[in-house]
Structure formats: C-alpha cells, structure tokens
Amino acid sequence: MSFFDKLGKTISDTTHSVVEKTKSSTDTIRLNGLISDEERLINAAYLNMGKKYAELHSGDAEPEFQEFLSAIAASQEKISGYREQIRKNKHLLVCQSCGAEIPETVLFCTKCGAENPVGKRLAEERAAKEAAERAQREAEAAARQAAAQQNAQPQYTYTQPPVSGEVCPSCGKPRTAGAMFCTFCGSRFVSAEPTAPAAPEMPAAQPTEPEVTYAPEETPAAPETAASIPTPVAKPIPAAVPAAPGRTCPTCGKPVPDGNRFCTCCGAKVDEETPAAPAAPSPVLENAAPAASAAERICPTCGNPVPPQNKFCTSCGTPVGE
C-alpha cells in the first residue's frame, strides 16, 4: 500500500505544481497586456503633447526641439505636394472658400456655391479652341469647294488680238487691228483718209444682153376682161458699176460704186466726191413679155430696181430684204 500512496502523492504534487505554474503564466500575460496598454497611452500622450507644443511653439521653440520641428515641417510639405499631385491626376482642386475638393471644370463650388476661377478659365479656353477648329473646318471646306469649281470650269487661254501700228488718241493704248473703237477706253478712232485699195485686174468685158425687169402686176379688185389688163412695161436693170479706187464707205470701209449715195453693205450715206458719169440708158422694151425671176427686186420706197447682190437701195438707202 505504501507504493500506491507514494505514487498518488507524487501525482497530486505534480498536478498542483502545473496548476500553479499555469495560473502564474496566465496572470503574467494579463499583466503584460495591461502594461502595453498603459505604454500606448503614454506614447499617445507624448504624441499629443509634442504636437501641441509644435503647434504653439513652431517659431520660438528651444534649440533642443528645433531639429524635430524642422523634420515635421519637411514631411508636411512633402505630404501636401503628394496630395496636390493626386488631385491633378483626378482633375480636382480645393475650393478657396470652404476648402472642399471639387472638379476643376465646374464654374461654382458644389459645397458653398463660390465661383471657381479655374473652371471659368478652362471654359473660355475650350470655347476659343472650338471656335478656332470650326473656323478651320469652314475654311478647308470653302477651299475644297473653290478647287472643285475651278476644276469643273473649262480653262480658257486668252490670246492677245493683233495690234496695228496706230494708238488711241485718248489713252495712248495700241489699236487692235480692224477695231473702230478703243478696247481700253471706248473712244472712237478717227479714220484717216482711206487708202484706195489696189484695183484688181478685171477680165475683159464680154458683151452681154441687157437685163430687163418688169413692174409687178396689180391684182384687180374685180374680174376684168383680157383686153382691159394693161401691158407691163419692161424697165432695164442697171448693171453693177465697179468700185472706183477712191471711194470707200466711212463706216464699214467697203468700196462704194460711183453714183451710189448709200453703201450697199451697211446702208450708210456716202457723200459724193466726184459725180459719176451717167450711164447710157438701156432701151425700154415695149410690150415685152414678163419673165419670172426670183433675183429681180424693186425698192418699196422709190420704185427703182435693186441689183440682186445689193442689200440696200442705191438711190434712197432703204434696206431691201432677201
């Protein structure tokens, strides 16, 4: 029995020792935790005391604290720079009135309603940029339209008309060959004495039979007998007289035959310089039968015959249609 008693006592002592040690360890841990809490409170008190001292004596602190205050100021400046960079990345800024962070593009603070000068400046710059881009687009469109119109229009090459040796007496510009008026000032050129063109060599005149023309028959108002119809009298058509070397029309410059008082090309009146020799009258054919010819014409004004090639009557100047 003594063995078992000794064994039981040993186990009891050991258990009691373990319990005591466990209790002691737990209590130690609890006490260490309390100490740590108190130390954190002390550190917080030191921190608040130092912060308070730095705020109150930043400018008149003792030399022993000046090093710490300088380090704190440098760190605060760096933090401010980092925060400003973050705001720029987010396109934010600080309101000058209330200090709230607002978007940089707004015209007024969303917290206090104060005007945002940065937002106003950005809006003006954006409006100016848009106006410049719009003007550039309009100019490019106008240039493209002008180029398209220029390419669509045919290209004409102006050829300078031939210039004669004469000059305009009003403006002194050279006279265009054949022009009756100056192409620069519109003044009429004073024609000098016309130079008689060289008379072309005419072939020998061949004897021709005199051409005759007949007055048109008048339509009777009432039917008459054949005996009462008057017999038409044939009138000779004077042959065209060749142009004299010294007579030309002062308006168109074409030669005018002698004896004509009007130009046969333009109808202008021509003063007679030298009377033309009267042509020998052709004999009047009595009781000649009328010949139908489309080339024979009579002047409606004076009744004189008009040669087929003439556009105006050589006696009175009346225009004669074709």
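Both backbone and side-chain heavy atoms feed into the values below; hydrogens, waters and symmetry mates do not.
Sorted by first then second residue, the salt bridge (charged side-chain N to carboxylate O under 4.0 Å, His left out) pairs that include residues 116-139, not counting sequence neighbours, are Glu115-Lys120, Arg121-Glu125. For residues 76-89, every residue pair satisfying the side-chain hydrogen bond (donor to acceptor under 3.5 Å, both in side chains) rule, not counting sequence neighbours, is listed here: Glu84-Arg87.
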>> For Leu93 and Asn116: C-alpha separation, side-chain torsions, deciding distance, then whether side chain to side chain contact (heavy atoms under 4.5 Å, CB included) applies.
In response: CA-CA 10 Å; Leu93 52 84; Asn116 180 18; 3.9 Å; yes
>> Evaluate Ser97 against Cys109 for side chain to side chain contact (heavy atoms under 4.5 Å, CB included), listing each step before the verdict.
In response: CA-CA 9 Å; Ser97 298; Cys109 177; over 6 Å; no
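Within a 6.0 Å radius of CD in Glu140, other residues, nucleotides and ligands contribute more than 12 heavy atoms. The 12-atom threshold is exceeded at CD of Glu55, counting heavy atoms of other residues, nucleotides or ligands nearer than 6.0 Å.
The distance from the SG atom of Cys112 to the CD atom of Gln96 is 10.0 Å, given to the nearest 0.5 Å. Atom-to-atom distance recorded for Leu34:CG and Ile29:CD1 is 12.0 Å, nearest 0.5 angstrom. Here the straight-line distance linking atom CD of Glu39 with atom CD1 of Ile42 works out to 6.5 Å at 0.5 Å rounding. Here the CG atom belonging to Asp27 is positioned 12.5 Å from the OG1 atom belonging to Thr22, to the nearest 0.5 angstrom.
Contact check for Thr248 versus Lys254: no side-chain heavy atoms found under the 4.5 Å cut-off. Side chains of Asn32 and Ile35 form a contact here, defined as non-hydrogen atoms less than 4.5 Å apart.
Between the side chain of Asn151 and the backbone N or O of Ala147 there is at least one donor-acceptor pair closer than 3.5 Å.
Screening Thr110, Leu92, Ile86 for a side chain to side chain contact (heavy atoms under 4.5 Å, CB included) with Glu101, the sole residue that qualifies is Leu92.
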